[in-house]
Amino acid sequence: MSKEHLIIFDTTLRDGEQSPGASMSKEEKLRIARQLERMRVDVIEAGFPAASNGDFEAVKAIAKAIKDSTVCGLARTSEADVRRAGEAIRPARSGRIHTFIATSPIHMEKKLRMTPDQVVEAAIAAVKLARQYTDNVEFSAEDAVRSDFDFLCRVFDAVIKAGATTINVPDTVGYSLPEVWGERMRRLIESVAGADKVIWSTHCHNDLGLAVANSLSAVLAGARQVECTINGLGERAGNASLEEVVMAVRTRGDLFSCDTRIDATQIVPASKLVSQITGYTVQPNKAVVGANAFSHESGIHQDGVLKHRETYEIMRAEDVGWATNRLTLGKLSGRSAFKTRLTELGIELPSEEALNVAFGHFKELADKKREIFDEDIFALIGDEVVAPENEHYRLVSSMFHSETGEAPLARLTLSAGGVEQHAESSGSGPVDATFKAIENVAASGSELLLYSVNAITTGTDAQGEVTVRLSKDGRIVNGQGADTDIVVASAKAYLNALNKLCSGQEKLNPQA
Ligand code: KIV
Ligand code: ZN
């Protein structure tokens, strides 16, 4: 029997971006959107166009670039928001407007200061207006979890009549439990007039660690769209994690009458890309995409897996994309092998010039590191390759001195707007000295919010990937840098963050 289709609505670029400090530039959003399309996500929620010009431009660029997924823009119910979302998704081959308003007593009274009647009116008006831009309109009742059931039915009834095609039921505050959430979905589908004309959707937050369980329960009760994010990124404790939802539905196909169209082999590359761009690293024991998700430590387990894999494994690592974690290129690989591997990894570079820069980086790395893995290649494709026009600062050369009993010293040559400048500083360690030396030139006055280092692959010759999060005047940016020398990686990451601060890109954080 063929299964019903379960729509995967990815909101990494909107709700995911609401994770503190995870705001992304237009180019970064585009890179993630392309990976989501490659993964065959049905709907990509690309942003909140009314939140800022930057987010509007990002949604519009994604709407232009993406062909195989529906591109969605979020809007409150105000006329201005809906029109802005409508304009942003206009270039899309398939576009959706997602409009929302809160329906719980606490939100209506304390936040919106609106009566229930006013909320219903606003919802109807927003959906009707959205339908003038697209026939694909989603309506969400924010804080549905704490909304009165009969009022929810009234709102949903009204917006379906007004033309909504997807009805989303959010657990905005992550308050529900699986049985209760499934039951609420079942009752809504039974009670709302016109329920059979729309797709029912679930959107769960993870405050009690139940976002995936609640989403799956809603699917078992009839929901046919799950809203989720890569690595479970999102506001506060995050959203339901896409990879867990997809693999649960697939692995327990005996229990679900629906399945997704996701190409699961793209899950691990997507997870790595999102973690690289946002600086949100994945915990090693995270399901599906954690580094240890498929490693067996105890002797009994290892013995079992060697004899028959399914003794301890319910999924195959290669089915979710871990197989790409293999040795791919080396010192002798030429430009065309490099280009082929980029294509196989789904990395599209904007020009031949960008390919030449990336290949140059690859050759430098191959001189330092014997074996180059796919992860190394992903880390090579930084902003200086895909958006060189934003590269105001560049590291030209560096010297670090660190000796017992001596203050560590960094001596750098930077290119600032094409002019070489020398900088020097001591510090409490080589990284501290490096950042101080850079600030001696840049004088950015920004505040360092996060500094994190991760080994990209295993072994002591692995590249270190550094994330630096800077804040200035309410704008927050993440810079990345990778190198086999982690102090050099740190300098690159700091400069990358400075380049974002001075590129004039607006902070994209929605709902700010
Ligand atoms: O959590 C929530 O309620 C939301 C809505 C905008 C769908 O993110
Ligand atoms: Zn949300």
Side-chain angles (χ1 to χ4, degrees), residues 7-20 22-23 43-51 55 59 70 72-78 81-82 84-85 88-89 96-108 110-112 119 122-123 126-127 130 136-147 151-152 155-156 159 164-176 181 184-185 188 198-212 214-215 218 223 225-242 245 508-512:
I7 296 169
I8 292 296
F9 176 110
D10 180 280
T11 182
T12 307
L13 300 177
R14 197 278 300 169
D15 213 321
E17 204 198 19
Q18 287 172 220
S19 313
S23 61
V43 186
I44 299 173
E45 187 163 54
F48 187 175
D55 224 17
V59 175
T70 295
C72 173
L74 182 70
R76 287 162 295 195
T77 49
S78 70
D81 265 41
V82 175
R84 201 80 177 127
I89 61 149
R96 174 183 293 190
I97 296 176
H98 174 193
T99 185
F100 74 101
I101 190 162
T103 49
S104 63
I106 183 170
H107 276 237
M108 291 190 289
K110 307 281 184 215
K111 183 183 84 172
L112 298 174
V119 165
V127 169
N136 190 341
V137 174
E138 171 169 337
F139 173 79
S140 283
E142 191 190 10
D143 204 19
V145 68
R146 292 184 295 175
S147 301
F151 182 61
L152 260 189
V155 176
F156 288 156
V159 294
T165 46
T166 298
I167 298 294
N168 184 37
V169 191
D171 179 0
T172 304
V173 289
Y175 180 66
S176 205
W181 197 239
R184 176 153 276 226
M185 183 59 78
L188 281 169
V198 293
I199 300 286
W200 288 85
S201 168
T202 184
H203 174 116
C204 297
H205 279 269
N206 205 30
D207 299 65
L208 294 173
L210 293 169
V212 170
N214 289 340
S215 304
Q225 172 174 290
V226 176
E227 303 201 351
C228 45
T229 57
I230 303 292
N231 299 339
L233 210 64
E235 185 86 40
R236 304 182 311 280
N239 288 70
S241 119
L242 179 147
V245 169
L508 301 181
N509 195 11
Q511 300 197 356

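Ligands are counted one by one from 1 in listed order, and the atoms in each one are counted from 1 as well.
For the ligand labelled ligand 1, residue Arg14 lies inside the 4.0 Å heavy-atom shell.
Of the possible polar contacts, one joining the Asn214 side chain to the Ser176 backbone as a donor-acceptor pair under 3.5 Å is found. Between the side chain of Asp143 and the backbone N or O of Thr172, no donor-acceptor pair lies under 3.5 Å. Side-chain atoms of Asp10 come within 3.5 Å of backbone N or O of Thr12 as a donor-acceptor pair. Thr165 places a side-chain N or O within donor-acceptor distance of the main-chain N or O of Val137, the cut-off being under 3.5 Å. Side chain of Thr166 to main chain of Glu138: no donor-acceptor pair is present (N/O by atom type, distance under 3.5 Å, no hydrogens or angles).
A 6.0 Å sphere centred on OH of Tyr175 holds no more than 12 heavy atoms belonging to other residues, nucleotides or ligands.
Residue Ser140 approaches ligand 1 through these ligand atoms, each under 4.0 Å from one of its heavy atoms: 7 (C). The Glu142 neighbourhood of ligand 1 comprises atoms 3 (O), with distances under 4.0 Å to a heavy atom of that residue. Listed by atom number, the atoms of ligand 1 under 4.0 Å from Pro170 heavy atoms are 3 (O).
Contacts between Thr172 and ligand 1, counted as non-hydrogen atom pairs separated by less than 4.0 Å, involve both the backbone and the side chain. With a heavy-atom cut-off of 4.0 Å, His205 touches ligand 1 through its side chain alone. When non-hydrogen atoms are compared, ligand 1 lies under 4.0 Å from neither the backbone nor the side chain of Gln18.
Comment: Glu227 does not engage Arg14 in a salt bridge, judged by the lack of any side-chain N to carboxylate O separation of less than 4.0 angstrom.
Restricting Asp15 to its N/O/S atoms, the shortest distance to the Zn ion (ligand 2) is reached by OD2.
Note: no N/O pair closer than 3.5 Å links Asp143 and ligand 1 by distance alone. For a threshold of 3.5 Å applied to N or O pairs, the pair formed by His98 and ligand 1 contains no separation below that value.
The CG atom of Asn206 sits 9.0 Å away from atom OG of Ser215, with the distance rounded to the nearest 0.5 Å.
Rounded to 10°, the angle that NE2 of His203 and NE2 of His205 form at the Zn ion (ligand 2) is 100°.
Residue contacts to the Zn ion (ligand 2): Glu235 brings no N, O or S atom closer than 2.8 Å.
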